[in-house]
Every structure is written in structure tokens, then in C-alpha cells.
Amino acid sequence: MRQGKGGSGRGGGRRARLQAPASLSSRLRALLRRPRHGGLLGSNGALAAAMGLMLLLGVALGLGLGQWLEADTPAVMEPAATAYRPSPAPSPAPSPQPPSAPTPTAAVLPPPSVVAPPAPEADAVPAWRRYAVPAPEAAGRPMVAVVIDDMGVDRGRSRAIADLPGPLTTAFLSYADDLRAQTRAARRRGHELLVHMAMEPRSTAVDPGPDVLRVSDSNSRIRALVADILARFDGVVGVNNHMGSRFTADERAMRTVLGVLKERGMLFLDSLTTDRSVAAAVAGELELPFAERHVFLDNQNDVALVRRQLTELERVAEAHGYAVGIGHPRDATIAALAEWLPELEAKGLVLVPLSAVVRERMTRGGGA
């Protein structure tokens, strides 16, 4: 029977222990109470078994402690004033849906091929209309525009012109001092503004002054000089030529200048210093707002001559419905205009800025 106790008895006892429910801690204590042999903890087999049981015990204790703390001691973990609220469980991911076309809304941009029209702006109005001085109502009366060239250099006489009743059209030279101050003062007094641009004369004995445009200039040189001159001014409706009997007869040169004015929305007044001028033809091709001088008022600084020329201006206006006269800041011109301007209404004429004549010409499809 010792054999049963030592062999099958021991085996039976081992099977009983494996089948009996026992905690991991009880098994560990039983193992540690076994006799030690061959070292600090006995045999290698016993040591390995003990370490394995300890590892299992740690895992079990960790799981059990977490459940025990969560179930039995919430007050220890959550101060009453700041009770922890567990985050809700994440919602299950939605099942994939087939892609659908986006619903059109106001925020959806148009397709790349569609370009929205730009919003209207004040700059969309051409300069010759934007800076035009309001014209009196003609009411069927002939219109007279009086343009005074060479403004700005002789400041005293230029100021005397600006003091006359308007609206006159004042053409300032590009090389006058204090251009912006002088032009603004003229505009405040109700007069329209032009740039009086120097152009090459036929006679080499005549000095046109600084900033002159020449036929020998390249297109790029002409464009650059015109742009530089225009940049010195504010509020001008356009340009007229100072001298220029040679330049205005050259088609390439005039096409270059008038092209710049077209780009900038300006008008051109041909002073007609030569009967060979091509300005009217080129302006017509470019559809540029345009007018021509009809009468020179003061080829001589003589009051009697200026009065006669003003009478001629009246005749042209009555014949065509409008007329453009050009004078200069001279004593005779200032005196004659001071007498003549207050008489216009009684004569059945109306004084208008140059832009009003240009509008009338365009209404007629060109005009005289």
C-alpha cells in the first residue's frame, strides 16, 4: 500500500488538487510551504512554478482590483463638487453610404469656367465724363465753349482767367509750377480742366518748351512721356495740343498719343494748328471722344481783334449749334471776355464746358 501512497496516491492527490477549486493565493502559499532543496528556493522547477503562479496572481489581482474599485468605491474617486462624468460610449461607425452630389447652397462657388461679372465701380466711368463740369441746360440754344490755353506759367493772368464767370475750359501746361494747387483752384471756380500738351511744331525756329512730343520719338518714348505728363494732374477730362503743326500731321505719332488717351478714358481737342492734322481721322477710328477748335480768339494781344473773333465764334455756334474758341491768358483776352461773357444769355447763347460740346458731337455721330 506504500506504493499506492507514494505513487498512485501522490498522483491521485495531484489530480484532486487540480480539480478542486482553489484560489491562486492558496496555491501559492502551499507551494511556498513545500520543503526547499538545493538553494534559496529549492529546485529550479519549484522556482519556475512559483514565479509563474505569482505572475498569474498579479494579473488576476489587477483585474479584480479594477472591478472592485469601480463597483464599490466611487466616492473615493469623485469629489462631490467635481463629480466625474464618464464619457458616453462612442456611437458605432455608420455604415458606408454611396457618395451623393452636394446640395447647392449660397456658399457653393461657381464652376471654374464661370466668371462673375465685376461689380460696377466709379472708375468704370471714363475720365472725360467723371471729371466733366456740369453744363447749363442749353434748351435749344447754340452752345459756346471757350478754352484758355497756356494756363499756369503766368500765374497772375492765369488767376485772372480763373476769376471770370464760367464754365470756361482751362488748359494747363505740364511744366507750370504748383500744378495741382492751380488746377484745383480753377476747378473750385467752376472751370473744366485740360492738359495742354506740347507737340513738335513744323518750324524749327519756334520753341515749344519742355516735355515736347516729337515725331522722331519711338512709340514707347511717346507713351512714357504722355503717361508722365498725365500723372502730374488731377481731375482732367482730356488733352489738347500746344503747337504741334508737325506732330499732329504724323499718323503714327498721333495714333500712339490718342491710344493712351483712349486707354485712360480721356477726350482730345485738336487745336488745329495745321490743316494737315490727322487727329480727327485717327480719333474716329479709335472711337475717341473728340472736338476741334473753330476760332482762334487772340492771335494778337488786341482787344478790338478779340471782340471781332468772339463775334465770329457766335456766328459759328449759330450755324452749327455749337462752337469752340481758343484764347490765352493775355490782357486783351481777359478784358474782352469780361465784357462778352455776361452778354451771352441776352444773345440767346449758352456758355458750356468742352465736354458738353463733345457729348453733342457724339450724339450727332461726329458733327462738324
Side-chain angles (χ1 to χ4, degrees), residues 144-154 158 161 168-176 192-217 222 225-226 229-230 236-261 266-284 286 288-302 305-306 308-310 312-313 316 320 322-330 332-333 354 357-358 361 367-368:
V144 175
V146 175
V147 180
I148 305 299
D149 285 350
D150 296 353
M151 290 283 288
V153 174
D154 185 335
S158 296
I161 289 290
L168 301 174
T169 302
T170 52
F172 283 79
L173 288 162
S174 63
Y175 46 88
E192 200 161 79
L193 302 179
L194 289 178
V195 177
H196 196 37
M197 194 169 289
M199 298 182 184
E200 184 180 4
R202 191 167 299 279
S203 173
T204 57
V206 179
D207 181 12
D211 301 331
V212 62
L213 299 173
R214 299 186 181 278
V215 171
S216 58
D217 291 338
I222 292 172
L225 183 53
V226 171
I229 292 170
L230 294 178
V236 296
V237 297
V239 169
N240 77 322
N241 54 294
H242 173 58
M243 302 189 183
S245 55
R246 179 178 178 83
F247 193 91
T248 58
D250 188 281
E251 182 177 349
R252 177 200 63 87
M254 284 304 297
R255 190 176 297 278
T256 304
V257 171
L258 299 188
V260 175
L261 300 187
M266 294 181 172
L267 61 80
F268 183 72
L269 169 66
D270 188 355
S271 301
L272 272 183
T273 55
T274 177
D275 57 3
R276 300 178 183 178
S277 175
V278 299
V282 175
L286 297 177
L288 179 78
F290 177 80
E292 291 177 328
R293 182 272 308 163
H294 294 100
V295 179
F296 270 127
L297 301 178
D298 54 5
N299 286 334
Q300 299 176 24
N301 189 23
D302 180 86
L305 172 66
V306 176
R308 290 196 296 271
Q309 293 301 96
L310 288 172
E312 176 64 12
L313 188 65
V316 175
H320 295 284
Y322 60 86
V324 178
I326 290 181
H328 301 83
R330 297 172 178 166
T333 307
L354 178 67
V357 170
V358 171
R361 291 185 81 257

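Values reported hereafter were calculated over all heavy atoms of this structure, with side chains retained and with hydrogens, waters and symmetry mates removed. When a residue number appears, it is its place in the shown sequence, counting from 1.
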Just by modelled atom types, is the [Y] backbone N or O under 3.5 Å from a matching donor or acceptor in the [X] side chain?
| X | Y | result |
| --- | --- | --- |
| Ser271 | Asn241 | yes |
| Thr333 | Pro329 | no |
| Thr169 | Val147 | no |
| His294 | Gly325 | no |
| Asn301 | Ala332 | yes |

Derivation of the side chain to side chain contact (heavy atoms under 4.5 Å, CB included) call for His196 and Asp150: CA-CA 7 Å; His196 196 37; Asp150 296 353; 3.1 Å; yes
How far does [atom1] of [X] sit from [atom2] of [Y], to the nearest 0.5 angstrom?
| X | Y | atom1 | atom2 | value |
| --- | --- | --- | --- | --- |
| Met243 | Thr274 | CE | OG1 | 14.0 Å |
| Ser245 | Met199 | OG | CE | 12.0 Å |
| Phe172 | Ile148 | CZ | CD1 | 11.0 Å |
| Leu193 | Leu354 | CG | CG | 11.5 Å |

Distance-only polar pair, side chains of Ser277 and Asp270, donor-acceptor under 3.5 Å: yes
Passing option when Leu213 is tested against His242, Met197, Met254 for side-chain contact (heavy atoms from CB on, under 4.5 Å):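 One option only clears the test, and that one is Met197.
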Qualifying residue for side-chain contact (heavy atoms from CB on, under 4.5 Å) with Leu194, from Val237, Thr170, Val239: Val237
Closest heavy-atom contact between [X] and [Y]?
| X | Y | result |
| --- | --- | --- |
| Phe268 | Asn240 | CE1-CA, 4.1 Å |
| Arg361 | Tyr322 | CG-OH, 3.2 Å |
| Leu310 | Leu297 | CD2-CD2, 3.8 Å |
| Pro208 | Ala198 | O-CB, 3.8 Å |
| Gly244 | Thr273 | C-OG1, 3.7 Å |
| Leu305 | Asn299 | CD2-N, 4.4 Å |

So, do [X] and [Y] sit near enough that their side-chain heavy atoms are less than 4.5 Å apart?
| X | Y | value |
| --- | --- | --- |
| Phe296 | Leu272 | no |
| Leu258 | Phe290 | no |
| Asp250 | Glu200 | no |

Stepwise side chain to side chain contact (heavy atoms under 4.5 Å, CB included) test for Glu251 and Val282: CA-CA 7 Å; Glu251 182 177 349; Val282 175; 4.1 Å; yes
Derivation of the side chain to side chain contact (heavy atoms under 4.5 Å, CB included) call for Arg252 and Ile222: CA-CA 11 Å; Arg252 177 200 63 87; Ile222 292 172; 4.0 Å; yes
Stepwise side chain to side chain contact (heavy atoms under 4.5 Å, CB included) check, Thr256 with Asp217: CA-CA 11 Å; Thr256 304; Asp217 291 338; over 6 Å; no
More than 12 heavy atoms of other groups within 6.0 Å of Arg246 CZ: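 12 or below, so no.
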CA sep, side-chain torsions, deciding dist, call: Asp211, Ser174, side chain to side chain donor-acceptor pair (under 3.5 Å): CA-CA 7 Å; Asp211 301 331; Ser174 63; 2.9 Å; yes
